[in-house]
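Along the sequence shown, residues carry numbers from 1.
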Amino acid sequence: MAKTKLMSFEKALELFEPVIGLEVHVELNTKTKMFSSAPNVFGSEPNTNLTPVCLGLPGALPVVNDQAVRYSIRLGLALGCEIAEVSGFARKNYFYPDMAKNYQISQFDDPIAHDGSVEIELESGRVVHVPIERAHMEEDAGKLNHVGGSTGRIQGAEYSLVDYNRAGVPLVEIVTRPIFGGEADTPEIAAAYVATIREIVTALGISDARMERGNLRCDANVSLRPRGNEDAGMSVLGTRTETKNVNSLRSIERAVRFEIQRQAAILAEGGSITQETRHWHEDTGETSPGRPKSDADDYRYFPEPDLAPLTPSRELVEELRAGLPEHPTLRRRRLMSEWGFSPLEFRDVVNAGLVNEIETTVAAGVAPQAARKWWTGEIARIANERDAVPAELITPAQILSVVELVDAGTLNDKLARQVLQGVIDGEGTAAEIVEARGLAIVSDDGPLIEAIDAALAQQPDVLEKIRDGKVQAAGAVIGAVMKAMRGQADAARVRELVLERAAQ
């Protein structure tokens, strides 16, 4: 792929105003699919979670999932939206191999929720209100698995296989209005907005929101307009591109920045932007052309004839409103203050999607910094290796049992990581693993002194260096002792003994 010509980000901002619009697709974690009784389960064998409705077979009729409607209303309320007294479904017609019916059941003129706003907070403390146009229900498409080639993408693949397990999974698509005034913060605004949506849906308990699994996906629309049109509002907008299915917060920020720089380079040379979808390439940090972007007319929407309109009662809406959780922005501020985290520390927790896990672990009795260290460190590493959900590997009570052994001086961090691994692998409780593996720190000074004498015999000049004021020379002895004791020594105590020996 030829290298794309880019303008520097700073120069692009001098010449153009970036305008973005974000479409976030949230898969709901209902037990069954949107319009059928097929199981809504991730990771099943291909083409096993199916009914005739999923495949659009003749005579198979859809039935609306009541739980999905309730989830959608709760999400709309959390986004500050109005809930429609009457909303309906439509057929969105297009042909693609992963759409067995050749149409998608979605909402068009009558979304379940509309006209809302979400407050987000940037790392600088800047607060941005993102306008929400609509949040509508629809069904997900299937998935194409591209075989051959080096990237797993359609480019270079020998053939593709269709897995319809995802077809019919309930989705809510949240569509913003154009976001103006982001300026240099525009890429961060995009990522912070998606992070806030993820926090909202996880707090509501309506989605697993794992971006790497596609539970939450973002399409980022980017356009530029020449300076001088800032007061024109939506009457003067540049041609937009839509980067599809970006699956991490960092990638969203990078993709928006890349598109600003790419489009600016084209416009500055007198070229024009093609309205199209684009693919994000994580390995190169670039976007590439997808297909020309269709407008609403191209989909030939018409009312879904097999489904009646939805008419949620005002009593139901108010009941669901009463059960909404604390707003993510307010919750972040409260937790960051209570935990004593720096903005950077808290941002790392948010980006890792571990706010809930740390909150429950702190509630179990673990110090906030210790909870952050273990969740964002060792537990996250193991989860990534196993493609697992961190919270499914270990409980807050189990983490507390490991931390208590560290606090008591029974374990150091290195040994605690081994014990944590054992707990996750189901070897027993933390105390049982320490006993079975013999992992406790050696607290008797006798063996430590023997190891120190052995190390000093190999490095006889260390004591003289310490006496001359080069205290850091003790590090060589400490390292040798820790190695000899297989990590089961208290490094601080070893240092004390070495300095005591030097003072004699």
Side-chain angles (χ1 to χ4, degrees), residues 25-32 39-46 48-49 140 143 145 152 163 165-166 169-171 194-195 197-218 245-252 282-283 345 347-364 366 368 370-403 406 411 413-430 432-433 437:
H25 303 256
V26 179
E27 282 188 349
L28 304 179
N29 57 10
T30 53
K31 292 182 179 179
T32 56
N40 178 17
V41 179
F42 179 86
S44 301
E45 288 296 313
T48 55
N49 299 337
D140 210 344
K143 184 178 180 181
N145 295 311
D163 179 6
N165 277 348
R166 198 174 67 183
V169 167
L171 278 181
V194 177
I197 296 298
R198 185 174 67 180
E199 284 186 74
I200 288 173
V201 299
T202 53
L204 291 169
I206 64 174
S207 175
D208 296 334
R210 293 191 62 185
M211 297 187 72
E212 76 278 8
R213 285 187 175 179
N215 301 142
L216 190 148
R217 311 190 290 272
C218 177
N245 295 334
V246 190
N247 64 359
S248 77
L249 300 179
R250 178 172 176 268
S251 293
I252 291 166
E282 184 67 38
D283 53 345
E345 288 173 334
R347 186 186 187 193
D348 287 343
V349 170
V350 171
N351 288 347
L354 292 170
V355 175
N356 291 341
E357 288 74 9
I358 292 176
E359 184 176 28
T360 55
T361 304
V362 170
V366 178
R372 182 185 67 84
K373 179 183 74 172
W374 289 109
W375 277 111
T376 62
E378 193 67 10
I379 299 171
R381 181 190 66 78
I382 296 171
N384 288 336
E385 286 181 352
R386 302 183 182 186
D387 189 27
V389 178
E392 294 177 354
L393 295 178
I394 194 167
T395 67
Q398 290 172 319
I399 296 172
L400 175 63
S401 67
V402 175
V403 171
V406 175
L411 300 174
D413 275 3
K414 180 179 179 181
L415 296 173
R417 286 195 293 273
Q418 297 179 46
V419 173
L420 188 81
Q421 178 86 51
V423 170
I424 290 174
D425 289 340
E427 295 180 19
T429 67
E432 290 169 345
I433 294 168
R437 295 193 188 183

Reported [atom1]-to-[atom2] distance for the pair [X] and [Y], which is rounded to 0.5 angstrom:
X	Y	atom1	atom2	value
Asn356	Thr202	CG	OG1	5.0 Å
Thr361	Gln398	OG1	CD	10.5 Å
Leu354	Trp374	CG	CH2	15.0 Å
Met211	Arg198	CE	CZ	7.0 Å
Ile394	Trp375	CD1	CH2	7.0 Å
Glu212	Asp387	CD	CG	6.5 Å

Test side chain to side chain contact (heavy atoms under 4.5 Å, CB included) applied to Asn40 and Leu28, Thr32, Val169, the passing residue: Val169
If every non-hydrogen atom of [X] is compared with every non-hydrogen atom of [Y], which pair is closest and at what distance?
X	Y	value
Gly422	Ile433	C-CD1, 3.3 Å
Ala416	Val406	CB-CG2, 3.6 Å
Ala195	Val350	CB-CG1, 4.2 Å
Ala430	Val402	CB-CG2, 3.9 Å
Leu393	Ala388	CD2-CB, 4.0 Å

Residue pairs passing the salt bridge (charged side-chain N to carboxylate O under 4.0 Å, His left out) test where at least one lies in residues 391-401, sequence neighbours excluded: none
Check whether [X] reaches the backbone of [Y] with its side chain - one donor and one acceptor, N or O, closer than 3.5 Å.
X	Y	value
Asn165	Thr48	yes
Ser207	Glu27	yes
Ser251	Asn247	no

Val194 and Leu216: CA distance, side-chain angles, deciding distance, side chain to side chain contact (heavy atoms under 4.5 Å, CB included) verdict: CA-CA 9 Å; Val194 177; Leu216 190 148; 3.6 Å; yes
Check whether any side-chain heavy atom of [X] lies under 4.5 Å from a side-chain heavy atom of [Y], and answer yes or no.
X	Y	answer
Asp348	Thr376	no
Leu249	Arg347	no
Ile382	Gln421	yes
Ile379	Ile399	yes

Partner residues of Lys373 under the side-chain hydrogen bond (donor to acceptor under 3.5 Å, both in side chains) criterion, sequence neighbours left out: Asp413
Any residue meeting salt bridge (charged side-chain N to carboxylate O under 4.0 Å, His left out) with Arg381, in chain and number order, not counting sequence neighbours: Glu378, Glu385
